[in-house]
Amino acid sequence: MASEIMQDNQAPTAADPDETAYRPQAVEAAAQQYWNAQRAYEVTEQPGKAKFYCLSMLPYPSGALHMGHVRNYTIGDVISRFQRMQGRNVLQPMGWDAFGLPAENAAIKHKTAPAKWTYANIEHMRAQMQAMGYAFDWSREFATCRPDYYVHEQRMFTRLMKKGLAYRKNAVVNWDPVDQTVLANEQVIDGRGWRTGALVEKREIPQWFLKITDYAQELLDGLDALPGWPDAVKTMQRNWLGRSEGLEIRFALEGGGEPLSVFTTRPDTLMGVTFLSIAAEHPLAQRAALDNPKLAAFIAELKHGGVSEAELETQDKRGMDTGLCAIHPISGERVPIWVANFVLMGYGTGAVMAVPGHDQRDWEFAQKYSLPIRMVIVDDSVLDALKQIRHELALGVGSDAMLAALEGRDIDAQDVSAPLRVVQEFERRIMEEAAWTARGTLVNSGEYDGLDFERAFDALATRFERDGSGARRVNWRLRDWGVSRQRYWGCPIPVIRCAACGDVPVPEDQLPVLLPEDVAFSGVQSPIKADPAWRQTTCPNCGGAAERETDTFDTFMESSWYYARYTSPGAATQVDDRANYWLPVDQYIGGIEHAILHLLYFRFYHKLLRDEGLVATDEPATNLLCQGMVIAETFYRENADGSREWFNPADVEVQRDDHGRVTGARLKTDGQPVRIGGIEKMSKSKNNGVDPQSMVAKYGADTVRLFSMFAAPPEQSLEWNEAGVEGMARFLKRFWREVTAHAGGPDHAVVDPAELDAGQKAMRRQLHETIQKVSDDIGRRHAFNTAIAALMELLNALGKFADASEQGRAVRHEALEAMVLLLNPVVPHISHALWQVLGHPVTVLEDQPWPRVDPAALVRDTATLAVQVNGKLRGTIELPVNAGKDEAEALARAQPQVRQFLEGMTVRKVIVVPGKIVNIVAG
RNA sequence: GCCGGUGUGGCGGAAUGGUAGACGCGGCGGACUCAAAAUCCGCUUGUGGUGACACAGUGGAGGUUCGAGUCCUCUCACCGGUACCA
């Protein structure tokens, strides 16, 4: 049994004289050394062998690994090792999403260059990952801030420009008037700049966009081809894309001029339009403001505040009459045009028709500004009432045309006071309580009275298409992807601005456009914007003097195609043929916070790569798992000024009463009480982050891995709790002891199923049931927590299985060997060591086949059935598995408990679910 | 505001329409020990009862079903996203 592990363990220290004790640090160092020496997880393409590409979202190198990373990469590592044990050629890469805003903030704080800070973080975090024992193919590692990565992104962008898929237009940003800089939404707090405290303004600047809207339909349809993605993610993406079918209707302006276009999904409510609302940025509003100082002041006021949707949609609805009027295309009535702060220039046409009777937001606006409300849609009960009072035309509801449309239906109208109340009540609610927004039947709509939604839609669409004042249109909520950032630490946008030729893509032979890394960084202005020498260049078209674009790309650009680059390390092109061996990603793992933006750009970019002929598939990843956050208790003390000082959970001791309920907490250093602030996402601001490195130093990587997989199912949030971690350490110690004790005993025999007694059979059945459950839990359900629970139960059972007979030892040996393999994906270091303890030569354990279920071992003689009376449990019965329904029913009815509850009742029905339940329905 | 999700013992969680609380933590009791730690064993949803047992119970209110933590409707609370945080 000479192995590097045992050699390593042969020199027990004085403090720990037990040479069979589990020492995670030694075990883990030895296993990692062996894997590195073997290059155990470096892979190449093996045509003919099933591949499995397991990808975890690449980290931003923020400084140190946090528990969220540990959770993410442990899930990926478990799946990777498991899949390799199923015989697949597994690729699991890792890299760094290295551009981004935090590097600039750190650079200001620490007076260093963003590049230097970033590279130092990468070194540190890589070492931390390696200590966790992840089976990454490190030969494929890259950082996205390196020119040999971003050159491909720049080349792709210049090609998209030539295809017309990249273009420039004005867009609104947050502007800090003091620092004279653009702010990210995150940097706007309560409408003010986070550093200056100045009121933020909206400002329009030219920006580069990618035409993701050209792919909207494909991005929508593609979701149906992704059964391996969570429904929640697909639903969110569908809603984000927001396909809607409607009409674009042109309202002529009073006094002539360009008509005002609106988009509506509810043309059936057209006769209920009482005003039009336009965005403050709409050209019509701008024009009206020229000779209307009050309106100009109002529009200027709307410029205050940030541009985020959450901020815009939660502010009070406000508006002002422009004084302009449009002409209703059917009735010819004058319709006033208002500027409203809730109409967004970026969605649809920047103008909407307002129907206060049947749209809640318009209703609230109309109430606030005393604008008229009209009922033009009614439900079936009102329709019936209208039919009954069809002779009472003078009542002011309905109309001749509508009633004519209803003439076909023969109704006896006697007393109309009851139906009249129905109609009046419906109309009163619309006028006084709330808009009625469901679909129904048109009234008060002239020739369209009596039509339902579809027929009204068709009739109006046909009419407008004929007279040229409107058309059917598909509208998307999705907007084109703005990729310009006015920041330094990002990939330079490869464009040259020439006064004569316009925007010219940098020729491919002049790429990459390099970002200088050795710069002084103050945070106020980007060093490349401040450096005239960097900007200055010549136009590749005309040879005249020109300037470089100084904006950089959104960092989502780098993270949209990194998965493809891992397949083709060193390729001169963005990816090469190897991509089509590995892609698509078989399992993608990352946080749910990326459900929309990153995962949509990721899917979009894959289609861009496909349309460049670089990849052959339509979607980048077939299966997606979104893990929850890592959270922890928070502790604080209130300072005299009301601010809070937060204490790390590691420095706090929790107090409990006799029942184990938490009663309070004290700081370990001074013994004085601290307040418990609730369980929140681990963060620097609440100081409740638990450092993975300190946990690894204290318990070992396997224990940390085990806890993060056991404490919650992967999709849910995981509460870090050190007592729970200790429990995992206890389990590994017991496992180690059980295996070493067994290996140190007499030689074992091979299991002979015919020789087993009842106890041995039961032990072996539990083993094979566990193999079955663990295989399904890891392979299909990704329920790692219940897989581990089943293995804990198995170890508990083995601890009580005191059978020292030959067959008893044989069963134990089979069980322990299987357990080492079943636990290997989660705790690979201890498994690596114990495999050798069990007498095997040192090896890469992922090349051992996964344990197989012996169907014969699963066979049971009897089954336990629950017996219910009227759905309530009244006992259980044990009977042979092949017993019939009658037998089960008879035995159930014979139970004393059951007879007691059936006394004086008549049995009406008996439901028998074989192997599960007998329910006697009586009354 | 809008979109998506979550809610079960003292705590993390289990239960894939069929015995609610597996497994782990904490707590209580016991063994071992001079003692402590470590380890091992037992108990541990609540209420009533010596007990067998009964009743209640999965955020709240309704509903479907022989049977609902699970499916449906409404509602409350919290979490994620909301296009320039990543």
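As a basis for the values below, the full set of heavy atoms in this structure was taken, side chains included, without hydrogen atoms, waters or symmetry mates. Just so we're on the same page: letters track the sequence lines, and every chain starts at 1. Remember, it's a predicted structure, so these values are computed and weren't measured experimentally.
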Using a 4.0 Å heavy-atom cut-off across all strands, classify A/Thr864 as base, sugar-phosphate, or nothing.
base

Counting just side-chain N and O atoms, does A/Arg730 come under 4.0 Å of either OP1 or OP2 of B/rC25?
yes

What do you reckon, is CG of A/Asp190 surrounded by more than 12 foreign heavy atoms closer than 6.0 Å?
no

Which of B/rG80, B/rG13, B/rC3 is nearest the side chain of A/Asn239? It is B/rC3

Under 4.0 angstrom, heavy atoms only, what part of the nucleic acid is A/Gln868 near: base, sugar-phosphate, or nothing?
base

Going by a 90° cut-off around 0, is B/rG9 syn or anti?
syn

So what does A/Arg780 hit on the nucleic acid, given a heavy-atom distance under 4.0 Å: a base, only sugar-phosphate, or nothing?
base

Testing B/rC25, B/rC84, B/rA83 for proximity to the side chain of A/Trp240, the answer is B/rA83

Give one of base, sugar-phosphate or nothing for A/Arg781, where a contact means two heavy atoms less than 4.0 Å apart.
base

Ignoring hydrogens and geometry beyond distance, is the side chain of A/Glu309 in donor-acceptor contact with the base of B/rG1 at under 3.5 Å?
yes

Could you check which nucleotide pairs with B/rU73 in any of the strands shown, counting Watson-Crick or G-U wobble with both distances under 3.5 Å?
B/rA61

Could you check whether A/Asn919 gets within reach of a base, just the sugar-phosphate, or nothing at all, counting any heavy atom under 4.0 Å?
base

Quantified in whole Å, what is the P atom distance between nucleotide B/rA35 and nucleotide B/rA20?
45 Å

Between A/Asp179 and A/Thr196, do the side chains contain a donor N or O and an acceptor N or O under 3.5 Å apart?
no

Write down the distance separating the C1' atoms in B/rA38 and B/rA31, rounded off to the nearest Å.
14 Å

Quiz item: A/Gln486 side-chain donor-acceptor pair to B/rC84 base, under 3.5 Å
yes

Would you say A/Asn785 reaches B/rA14's phosphate, i.e. side-chain N/O to OP1/OP2 under 4.0 Å?
yes

State which of B/rC25, B/rC85, B/rA14 makes the closest approach to the side chain of A/Asn721.
B/rC25

Quick check for you: among B/rG13, B/rG24, B/rC85, whose closest atom lies nearest to any side-chain atom of A/Pro713?
B/rG13

Nearest-angstrom distance, P atom, B/rC11 to B/rG46:
11 Å

Could you tell me whether A/Asp97 contacts a base, only the sugar-phosphate backbone, or nothing, with contacts defined as non-hydrogen atoms closer than 4.0 Å?
sugar-phosphate

Given B/rC40, B/rA14, B/rA83, which nucleotide is nearest the side-chain atoms of A/Asn185?
B/rA83

Name the closest nucleotide to the A/Glu719 side chain, picking from B/rC11, B/rU39, B/rG24.
B/rC11

Once you apply a heavy-atom cut-off of 4.0 Å, does A/Ala232 come out as touching a base, just sugar-phosphate, or nothing?
sugar-phosphate

For A/Phe553, report the nucleic acid contact type (base, sugar-phosphate, nothing); a contact means any heavy atom under 4.0 Å.
nothing

P-based separation of B/rG57 from B/rG4 [nearest Å]:
32 Å

Can you tell me the distance, in whole Å, between the NE2 atom of A/His594 and the C1' atom of B/rC3?
18 Å

Strand partner of B/rG10, provided both Watson-Crick or wobble distances fall under 3.5 Å
B/rC25

For A/Pro59, which contact category applies under a 4.0 Å heavy-atom criterion: base, sugar-phosphate, or nothing?
nothing

Any salt bridge linking A/Glu726 with A/Arg730? Criterion: basic side-chain nitrogen under 4.0 Å from a carboxylate oxygen.
no

Against the side chain of A/Gln897, the closest entry in B/rA83, B/rC25, B/rA54 is B/rA54

Side-chain N or O of A/Arg874 less than 4.0 angstrom from OP1 or OP2 on B/rC53?
no

Does the side chain of A/Tyr605 come under 3.5 Å of the side chain of A/Glu153 through a donor N or O and an acceptor N or O?
no

Under 4.0 Å, counting only non-hydrogen atoms across every strand here, what does A/Ser308 touch: a base, just sugar-phosphate, or nothing?
sugar-phosphate

If the test is side-chain contact (heavy atoms from CB on, under 4.5 Å), which one of A/Leu223, A/Leu624, A/Leu220 qualifies with A/Lys234?
A/Leu223

For B/rU33, the Watson-Crick or wobble counterpart (both distances under 3.5 Å)
none

Any donor-acceptor pair, under 3.5 Å, between the side chain of A/Arg487 and the base of B/rC84, if you only look at N and O atoms?
yes

B/rA38 pairs with, by Watson-Crick or G-U criteria that keep both distances under 3.5 Å
none

For the base of B/rC84, is there a side-chain donor-acceptor partner from A/Gln207 under 3.5 Å away?
yes

Under 3.5 Å: donor-acceptor pair, side chain of A/Arg705, backbone of A/Val826
yes

Do NZ/NE/NH1/NH2 and the carboxylate oxygens of A/Lys733 and A/Glu738 come within less than 4.0 Å?
no

Which one is paired to B/rU82, where only Watson-Crick or G-U wobble pairs with both distances under 3.5 angstrom count?
B/rG1

So does A/Glu309 pair up with A/Arg477, basic N to acidic O under 4.0 Å?
yes

Taking the P atom in each of B/rA68 and B/rG59, what is the distance between them to the nearest angstrom?
15 Å

Contact class for A/Gly242 vs. all strands (heavy atom < 4.0 Å): base, sugar-phosphate, or nothing?
nothing

Using the C1' atom as the reference point in each nucleotide, state the distance between B/rA54 and B/rC3 in Å, no decimals.
48 Å

At 4.0 Å (heavy atoms only), tell me whether A/Ser484 reaches a base, stays on the sugar-phosphate, or touches nothing.
base

If you check every side-chain atom of A/Glu313, which of B/rG42, B/rG1, B/rG80 has the closest atom?
B/rG1

Describe the nucleic acid contact of A/Asp776 in one word from base, sugar-phosphate, nothing, applying a heavy-atom distance below 4.0 Å.
base

Roughly how far apart, to the nearest Å, are B/rG17 and B/rG63 at atom C1'?
16 Å

Do we get A/Lys529 above A/Tyr488's six-membered ring, with its NZ or CZ under 6.0 Å from the centre and within 45° of the axis?
no

Would you say A/Asn796 reaches B/rG24's phosphate, i.e. side-chain N/O to OP1/OP2 under 4.0 Å?
yes

Taking atom P in both B/rU44 and B/rG24, what distance in whole Å separates the two?
14 Å

Regarding the side chain of A/Arg479, the nearest nucleotide among B/rA83, B/rG81, B/rA86 is B/rA83

Report the distance from atom CE of A/Met629 to atom C1' of B/rG12, rounded to the nearest whole Å.
15 Å

Polar side chain donor-acceptor pair, A/Trp229 to A/Gln237, under 3.5 angstrom
no

Can you tell which of B/rC25, B/rG18, B/rG24 lies closest to the side chain of A/Phe710?
B/rG24

On RNA chain B, compare the nucleotides closest to A/Ile917 and A/Asn174; which residue's is nearer the 5' end?
A/Ile917

Pick the nucleotide of RNA chain B nearest each of A/Arg485 and A/Glu793; which residue has the one closer to the 5' end?
A/Glu793

Students often get this wrong, so: under 4.0 angstrom with heavy atoms, is A/Lys872 touching a base, only sugar-phosphate, or nothing?
sugar-phosphate

